Engineer: 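One structure, pasted below without further comment.
When reading the values below, keep in mind they use all heavy atoms of this one structure, side chains included, and skip hydrogens, waters and symmetry mates. Every chain is numbered from 1 and lettered A, B, ... according to where its sequence line falls, protein lines coming before strand lines. Small disclaimer: the values here were computed from a predicted structure and weren't measured.
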There are 2 protein chains.
Amino acid sequence: MIDIFIQKLKITEPELIKEIRECSTITTHKKGDFIIKENEYIKVLKIVLEGKVRVYQANEDREILIYYLNSMETCTLSLSACFEDCKSNVNAIVEEDCTILNIPVRFVKDWNFKYKSWNNFTTNIFRESYMHLINQYSNLAFQPLKDRLYDYLISKAENSIVKKSHQQLAKELGTTREVISRLLKNLEKENKVVLGQKEIIIS
Amino acid sequence: MIDIFIQKLKITEPELIKEIRECSTITTHKKGDFIIKENEYIKVLKIVLEGKVRVYQANEDREILIYYLNSMETCTLSLSACFEDCKSNVNAIVEEDCTILNIPVRFVKDWNFKYKSWNNFTTNIFRESYMHLINQYSNLAFQPLKDRLYDYLISKAENSIVKKSHQQLAKELGTTREVISRLLKNLEKENKVVLGQKEIIIS
DNA sequence: TATCTGTTGTAACAAAAGTCACAAGTATTG
DNA sequence: CAATACTTGTGACTTTTGTTACAACAGATA
């Protein structure tokens with residue numbers, strides 16, 4: 001598993017590969033486990049080798065998705081935290097049983113100047129995440145929820161099907177279940193989707 | 001001017017200081033000039049030595065602030081763009097006449113692995129910007145505009161006074177002037193602020 | 001002073017989003 | 001099968017935000 005990750009990162013330095021193997025730990029987590037909780041100090045960089053994790057912010061009654069971590073994806077927030085001892089401002093919950101590669105913060109910081117390929121890796125993650133978040137931000141500001149929902153469905157569809165409950169969508173888009181149900185019904189009336197049980201078909 | 005910036009960055013390597021001086025250019029811009037436009041390729045890292053720049057996203061009829069660049073602040077977006085040739089997804093307009101330090105992208109990338117203090121600088125900028133943006137994001141998702149406005153006024157107040165027009169505030173918070181005027185009037189009725197011409201006093 | 005531009009106030013209405021309450025269907029599991 | 005939890009539908013209502021239209025005032029300048 002680590003090999004695939006190392007390959008994906010285009011890590012060439014043998015010493016770095018050795019260091020990663022030596023200092024990192026691999027943990028497994030069940031669906032529903034919290035990987036990171038708000039206000040907790042982050043002490044390791046977390047990379048999902050397998051499974052799925054949802055990283056989100058919450059207020060009293062609603063949640064909004066920051067990003068999903070799928071196989072071989074890196075938690076930008078934990079990476080960010082590695083460079084300065086700081087608390088998390090998000091939660092991360094396991095959505096599908098997963099295997100996680102944990103690298104203690106001090107290594108992440110050291111490697112950044114020691115190994116070129118690690119440096120490329122971290123700056124790429126930052127760049128991509130930052131660009132993505134800015135776009136999310138202005139969509140949230142300017143797009144009506146109906147449009148955000150429809151765009152989101154399209155982006156998540158596999159073979160034009162999205163297997164999610166209305167409640168899940170609400171948590172991802174930062175609203176409530178009733179609102180999602182209503183908007184989906186409207187989309188169905190406009191013949192843009194067909195609704196099923198935990199399933200939305202885009203037409 | 002460059003000296004202060006170098007000092008602020010805690011740059012110790014004499015060669016780096018030399019390189020910065022040699023490769024960078026200093027430009028001046030008048031109020032209203034565009035530093036960066038949406039969909040333009042970014043070719044230099046921009047650091048505001050003096051003056052003020054507003055970086056924002058726009059749609060047809062509204063704008064939302066991403067961040068202000070004040071004296072000695074670095075444009076995270078242009079930094080981000082340095083690591084991969086890419087188009088801007090924001091605009092940057094001069095709000096107060098300014099002096100800008102421009103560093104071509106290839107240097108920014110090289111230095112990141114060549115000089116430790118430069119590496120620290122870039123990762124710090126990324127970390128702070130990313131953390132800040134995540135918080136802005138969830139505020140936008142969860143906080144009513146009235147609260148966002150009030151919090152914003154408090155954060156921008158100098159001696160409890162904010163010298164901005166309603167139109168400016170609208171552009172910063174991603175809404176329209178009329179809405180801001182109404183919400184401010186409500187805040188005044190609740191004795192939270194006193195309104196004047198281009199001036200809001202927080203009480 | 002007259003004119004122009006920018007600023008603020010505000011009413012009336014429309015649209016979007018959130019809340020509450022309840023009903024009914026589906027899936028899961030002891 | 002019965003009980004339970006999850007899922008979806010939906011009406012009625014409220015709150016928030018956006019839109020349109022117009023009036024009045026302030027400040028700068030010719």
Side-chain angles (χ1 to χ4, degrees), chain A residues 31-32 54 58-65 93 95 137-153 161-190 192-201, chain B residues 31-32 54 58-65 93 95 137-153 161-190 192-201:
Chain A
K31 182 172 172 171
R54 180 166 59 94
N59 80 342
E60 306 95 51
D61 50 350
R62 277 186 276 165
E63 301 183 355
I64 191 165
L65 182 69
I93 191 169
E95 297 258 309
Y137 187 62
S138 75
N139 280 340
L140 186 55
F142 298 136
Q143 298 280 323
L145 187 49
K146 190 182 172 183
D147 297 355
R148 286 203 297 131
L149 172 59
Y150 188 60
D151 292 348
Y152 189 71
L153 289 175
I161 296 177
V162 179
K163 289 195 178 295
K164 285 177 187 285
S165 72
H166 300 183
Q167 181 61 65
Q168 271 178 286
L169 289 167
K171 280 184 176 182
E172 288 163 6
L173 294 169
T175 181
T176 58
R177 198 272 311 167
E178 295 88 330
V179 173
I180 293 290
S181 292
R182 182 168 56 212
L183 294 177
L184 283 175
K185 255 305 171 236
N186 291 346
L187 287 173
E188 194 176 42
K189 279 175 193 160
E190 295 167 23
K192 291 185 175 172
V193 300
V194 177
L195 303 179
Q197 189 76 358
K198 281 187 108 173
E199 187 182 78
I200 297 152
I201 302 164
Chain B
K31 181 172 173 173
R54 180 166 59 94
N59 79 343
E60 305 95 53
D61 50 349
R62 278 186 275 166
E63 300 182 356
I64 191 164
L65 182 69
I93 191 169
E95 297 259 308
Y137 187 62
S138 76
N139 281 340
L140 185 56
F142 299 136
Q143 299 280 325
L145 187 48
K146 191 183 173 183
D147 296 355
R148 286 202 299 130
L149 172 59
Y150 188 61
D151 292 349
Y152 189 71
L153 289 174
I161 295 177
V162 179
K163 289 196 177 296
K164 285 177 187 285
S165 72
H166 299 184
Q167 182 60 66
Q168 271 178 286
L169 289 167
K171 280 184 177 182
E172 289 163 5
L173 294 170
T175 183
T176 58
R177 199 273 309 168
E178 295 86 334
V179 172
I180 293 290
S181 292
R182 182 168 55 212
L183 294 177
L184 282 173
K185 254 309 170 233
N186 290 347
L187 287 172
E188 193 175 43
K189 279 175 193 157
E190 294 167 25
K192 290 185 176 173
V193 301
V194 177
L195 302 180
Q197 188 77 355
K198 282 187 105 174
E199 186 183 79
I200 297 152
I201 302 164

Engineer: Give Asp61(B) one of three labels, base, sugar-phosphate or nothing, depending on what nucleic acid heavy atoms sit under 4.0 Å from its own.
Structural biologist: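 Sugar-phosphate: the residue Asp61(B), judged by heavy atoms under 4.0 Å, touches backbone atoms but no base.
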Engineer: Does Asn186(A) reach a base, just sugar-phosphate, or nothing at all? Heavy atoms under 4.0 Å.
Structural biologist: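 Since no nucleic acid heavy atom lies under 4.0 Å of Asn186(A), the category is nothing.
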Engineer: Rounded off to whole Å, could you give me the CD-to-C1' distance for the Glu199(A) and dT8(D) pair?
Structural biologist: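 Taking atom C1' of dT8(D) as the reference, CD of Glu199(A) is at 14 Å.
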Engineer: Among residues 172-184 of chain B, which residues get a heavy atom nearer than 4.0 Å to DNA chain C?
Structural biologist: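 Going residue by residue through residues 172-184 of chain B, the ones with a heavy atom under 4.0 Å of DNA chain C turn out to be Arg177(B), Glu178(B), Ser181(B), Arg182(B).
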Engineer: Considering non-hydrogen atoms only, spot the tightest contact between Leu184(B) and Val193(B) and give its length.
Structural biologist: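 Looking at all heavy atoms of both residues, the closest pair is O-CG2, 4.0 Å.
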Engineer: Does anyone know the first and last nucleotide of DNA chain C in reach of chain A, 5' to 3', at under 4.0 angstrom to a heavy atom?
Structural biologist: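 First and last nucleotides in contact are dA17(C) to dT26(C).
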Engineer: When the C1' atoms of the five terminal pairs at each end define the local axes, what inter-axis angle does the helix from dT1(C)-dA30(D) to dG30(C)-dC1(D) show, to 10 degrees?
Structural biologist: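 The end axes of the helix from dT1(C)-dA30(D) to dG30(C)-dC1(D) are about 30° apart, to the nearest 10°.
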Engineer: Between atom NZ in Lys163(A) and atom P in dT8(D), what is the gap in whole Å?
Structural biologist: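 Whole-Å distance recorded here is 12 Å.
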Engineer: Once side-chain contact (heavy atoms from CB on, under 4.5 Å) is applied, do any residues pair with Arg54(B), and if so which ones, sequence neighbours excluded?
Structural biologist: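 Per chain and number, Arg54(B) pairs via side-chain contact (heavy atoms from CB on, under 4.5 Å) with Tyr56(B), Glu63(B), Leu65(B), Tyr68(B), Ile93(B), Glu95(B), Lys171(B).
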Engineer: Is the shortest heavy-atom distance from the side chain of Lys146(B) to the side chain of Leu149(B) under 4.5 Å?
Structural biologist: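 They are not in contact (no side-chain heavy atoms under 4.5 Å apart), so the answer is no.
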Engineer: Under 3.5 Å, is there a donor-acceptor pair between the side chain of Ser138(A) and the main chain of Ala141(A)?
Structural biologist: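 No, Ser138(A) side chain to Ala141(A) backbone: no donor-acceptor pair under 3.5 Å.
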Engineer: Quick one: are Ile64(A) and Leu140(A) in side-chain contact, heavy atoms under 4.5 Å?
Structural biologist: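 Yes. Closest side-chain heavy atoms under 4.5 Å.
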Engineer: About how many Å separate CD of Glu172(A) and OH of Tyr152(A), when rounded to the nearest 0.5 Å?
Structural biologist: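 With rounding to 0.5 Å, OH (Tyr152(A)) is 3.5 Å from CD (Glu172(A)).
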Engineer: Specify the closest pair of heavy atoms between Val162(A) and Leu153(A), including all atoms of both residues, with the distance to one decimal.
Structural biologist: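 Closest heavy-atom pair between Val162(A) and Leu153(A): CG2-O, 3.4 Å.
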Engineer: Does anything in residues 178-189 of chain A pair up under salt bridge (charged side-chain N to carboxylate O under 4.0 Å, His left out), and if so which pairs, sequence neighbours excluded?
Structural biologist: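 As it turns out, the salt bridge (charged side-chain N to carboxylate O under 4.0 Å, His left out) pairs with a partner in residues 178-189 of chain A, which skip direct neighbours, are Lys185(A)-Glu188(A).
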Engineer: Specify the separation, in whole Å, of atom NZ of Lys146(B) and atom P of dG18(D).
Structural biologist: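 Between P of dG18(D) and NZ of Lys146(B): 15 Å.
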Engineer: Any side-chain to backbone donor/acceptor pair from Arg177(A) onto His166(A)? Under 3.5 Å, distance only.
Structural biologist: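 Answer holds: no.
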Engineer: Quick one: CG on Leu145(A) to CD1 on Ile180(A), what's the gap to the nearest 0.5 Å?
Structural biologist: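 Interatomic distance, Leu145(A) CG to Ile180(A) CD1, rounded to 0.5 Å: 5.5 Å.
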Engineer: Distance check needed: dT16(D) C1' versus Arg62(A) CZ, whole Å only.
Structural biologist: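 Going from Arg62(A) (CZ) to dT16(D) (C1'), I get 11 Å.
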Engineer: Which one of Ile201(B), Leu187(B), Ile200(B) satisfies the side chain to side chain contact (heavy atoms under 4.5 Å, CB included) criterion with Leu195(B)?
Structural biologist: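 So the option named by the test is Ile200(B).
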Engineer: Testing the basics here: between Leu169(B) and Lys164(B), what is the closest heavy-atom pair and its distance to 0.1 Å?
Structural biologist: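 Looks like CD2-CD, 3.8 Å.
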Engineer: Using a cutoff of under 3.5 Å, can you pull out all pairs of nitrogen or oxygen atoms linking the protein to nucleotides 5-7 of chain D, with atom names and distances?
Structural biologist:
residue, atom, partner, partner atom, Å
dT7(D), OP1, Lys198(A), NZ, 3.2

